2 protein chains.
Amino acid sequence: MKYSKQRELILTYVQNTKTHPTAEMVYNNVRQKIPNISLGTVYRNLNQLCEYNLIRKISTPNKIDRFDNVYDNHGHLYCHECGKVEDISEEIISSVCDFIADKTNYDIISHDVILVGICRNCKKKRR
Amino acid sequence: MKYSKQRELILTYVQNTKTHPTAEMVYNNVRQKIPNISLGTVYRNLNQLCEYNLIRKISTPNKIDRFDNVYDNHGHLYCHECGKVEDISEEIISSVCDFIADKTNYDIISHDVILVGICRNCKKKRR
DNA sequence: ATTCTTGCAAAGAGTTTGCATAATA
DNA sequence: TATTATGCAAACTCTTTGCAAGAAT
């Protein structure tokens, strides 16, 4: 992989934010430093960084891909109400995966675990 | 909801197949009986049937929505390799949801549980 | 007669890709 | 110099929507 300023900024941003950003969010952030970067370049780099396992893609039920670091095998909870993505710790995920793999004969790819629910905030608002 | 032949066939098909069909699959099936039905009508009806909780939408990581019956709160396993969607029984899902809800403070919507892994067949092929 | 549904085609959203130019090795 | 990356715009895929015509209540 040849160096590029664009890719470096994209990688740094995805690795250091906790927001599980969409391509659009990455674009808006990197644009502050490289104003004429294109959305196509952002997508190309995000996908390439995924192939090299430097980041990973999280698919959520609303169809907008989000990206995240790969520090461990944590999973994700998607809030069906506000769309927020939160982490589920690696320990929790691995017990769940063991349990399900045992019952179903699937090999669960733990870092792709996505569960859908209603987050704390939205639960409060509902009352 | 006013009756329509189109909707009846769509509902019957989704309720009675085990393939978790995409809109396209539903379209191709219903077209055998109503050749000039349009894809737009299929989408409109699938969404409407979801609103009335007669069927449900399953979002998978490849972004193509799939549809399924609502007989119980079973979950789904998506095979990352071949794209197949298999059921996870309601019992398994509810233990997983209880476990995660307890650890994370989320209310898990159990019928939206999607886990991603490699299915039996693809595991075999890999060897 | 009123309301809902259809088929069709156009529009929409998110993402990918072709191409000439520019940067890296 | 050879290769890879970029910006731009066009293309692509899946899905939704506006509208006039048709079917159900």
Side-chain angles (χ1 to χ4, degrees), chain A residues 1-14 19-52 54-68 78 80 83-85 112 114, chain B residues 1-14 19-52 54-68 78 80 83-85 112 114:
Chain A
M1 223 181 351
K2 209 170 267 191
Y3 173 86
S4 88
K5 185 79 186 163
Q6 286 84 341
R7 184 154 48 232
E8 185 187 27
L9 287 173
I10 290 167
L11 176 58
T12 306
Y13 179 63
V14 174
T19 57
H20 309 89
T22 61
E24 195 79 35
M25 287 158 79
V26 175
Y27 174 60
N28 285 328
N29 179 276
V30 177
R31 208 151 43 135
Q32 293 171 16
K33 280 155 189 162
I34 307 181
N36 68 330
I37 192 174
S38 75
L39 193 50
T41 296
V42 172
Y43 273 106
R44 251 184 316 231
N45 276 302
L46 287 170
N47 286 329
Q48 197 170 1
L49 290 167
C50 283
E51 277 166 30
Y52 280 77
L54 295 168
I55 62 174
R56 55 171 149 155
K57 191 182 284 193
I58 310 169
S59 305
T60 65
N62 72 359
K63 302 204 194 75
I64 307 174
D65 286 335
R66 310 187 68 139
F67 297 86
D68 196 12
Y78 172 79
H80 193 260
K84 187 176 58 180
V85 176
D112 271 347
I114 296 173
Chain B
M1 221 182 349
K2 209 170 266 191
Y3 173 87
S4 88
K5 186 80 187 165
Q6 286 83 343
R7 183 152 53 231
E8 187 188 26
L9 287 174
I10 290 168
L11 176 58
T12 306
Y13 179 63
V14 174
T19 56
H20 310 87
T22 61
E24 195 78 33
M25 288 158 79
V26 175
Y27 175 60
N28 286 328
N29 179 275
V30 176
R31 208 151 43 136
Q32 294 172 14
K33 280 156 189 162
I34 307 181
N36 68 329
I37 193 174
S38 75
L39 192 51
T41 297
V42 172
Y43 273 106
R44 252 184 315 230
N45 276 301
L46 287 170
N47 286 330
Q48 198 171 0
L49 290 167
C50 283
E51 278 167 29
Y52 280 79
L54 294 169
I55 61 173
R56 56 171 147 157
K57 192 182 282 192
I58 310 169
S59 306
T60 64
N62 72 358
K63 300 204 194 73
I64 307 176
D65 286 335
R66 311 188 68 141
F67 297 86
D68 196 12
Y78 173 80
H80 194 260
K84 187 176 56 181
V85 176
D112 270 349
I114 297 173

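Each chain gets a letter, A, B and so on, in the order the sequences are listed, and its residues count up from 1. What you see is a predicted model, and the numbers here were worked out from it, not measured in a lab.
Proximity of B/Asn62 to the phosphate of D/dT13: no side-chain N or O atom is located under 4.0 Å from OP1 or OP2. Contact annotation: A/Gln48 side-chain N/O to D/dA5 OP1/OP2 distance is under 4.0 Å.
Interatomic distance, A/Tyr43 OH to A/Phe67 CZ, rounded to the nearest 0.5 Å: 7.5 Å.
Applying the side-chain contact (heavy atoms from CB on, under 4.5 Å) rule to A/Asp68 yields the partners A/His20, A/Arg56, A/Ile58, A/His74, A/His76, A/Asp87; only residues at least two apart in sequence or on another chain are considered. Listed by chain and number, the residues in a side-chain contact (heavy atoms from CB on, under 4.5 Å) with A/Ile64 are A/Thr22, A/Asn62 (sequence neighbours excluded). Taking the ring pair (Phe, Tyr, Trp, His ring centres under 6.0 Å) definition, one finds that A/His80 meets it with nothing, sequence neighbours left out. With sequence neighbours excluded, the residues satisfying side-chain hydrogen bond (donor to acceptor under 3.5 Å, both in side chains) with A/Lys84 are A/Glu86. Partners of A/Ser38 under the side-chain contact (heavy atoms from CB on, under 4.5 Å) rule, at least two apart in sequence or in another chain, are A/Thr41. Contacts of B/Asp65 classified as side-chain hydrogen bond (donor to acceptor under 3.5 Å, both in side chains), with partners at least two apart in sequence or in another chain: A/Lys63. Partners of A/Glu8 under the side-chain contact (heavy atoms from CB on, under 4.5 Å) rule, at least two apart in sequence or in another chain, are A/Tyr3, A/Lys5, A/Thr12.
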Reading 5' to 3' through nucleotides 15-25 of chain D, protein heavy-atom contacts under 4.0 Å coded B for base, S for sugar-phosphate only, - for none: BBBB-----BS

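Protein chain A touches strand DNA chain C; the 5'-most and 3'-most nucleotides with an atom under 4.0 angstrom of its non-hydrogen atoms are C/dG14 to C/dA25.
When the C1' atoms of four end pairs are superposed on the next four at each end of the helix from C/dA1-D/dT25 to C/dA25-D/dT1, using five pairs per end, the two resulting axes differ in direction by 30°, to 10°.
Considering only heavy atoms from C-beta on, A/Arg7 stays 4.5 Å or farther from A/Leu54 through its side chain. At a threshold of 4.5 Å between non-hydrogen side-chain atoms, the residues A/Lys57 and A/Leu46 do not count as touching.
DNA chain D lies under 4.0 Å from at least one heavy atom of each of the following residues of residues 31-38 of chain A: A/Asn36, A/Ile37, A/Ser38.
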Stepwise side-chain contact (heavy atoms from CB on, under 4.5 Å) test for B/Leu39 and B/Glu24: CA-CA 7 Å; B/Leu39 192 51; B/Glu24 195 78 33; 4.0 Å; yes

Worked check of side-chain contact (heavy atoms from CB on, under 4.5 Å) between A/Ile10 and A/Gln48: CA-CA 11 Å; A/Ile10 290 167; A/Gln48 197 170 1; over 6 Å; no

Which pairs of donor and acceptor atoms, one on a side chain in residues 29-37 of chain A, lie under 3.5 Å apart (sequence neighbours left out)?
{"unit_1": "A/Arg31", "atom_1": "NH2", "unit_2": "A/Asn28", "atom_2": "OD1", "d": "2.9"}

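Note: CD1 (A/Ile10) to C1' (D/dT6) measures 11 Å, nearest angstrom. In this structure, the CD atom of A/Glu51 is 11 Å from the P atom of D/dA5, given to the nearest Å.
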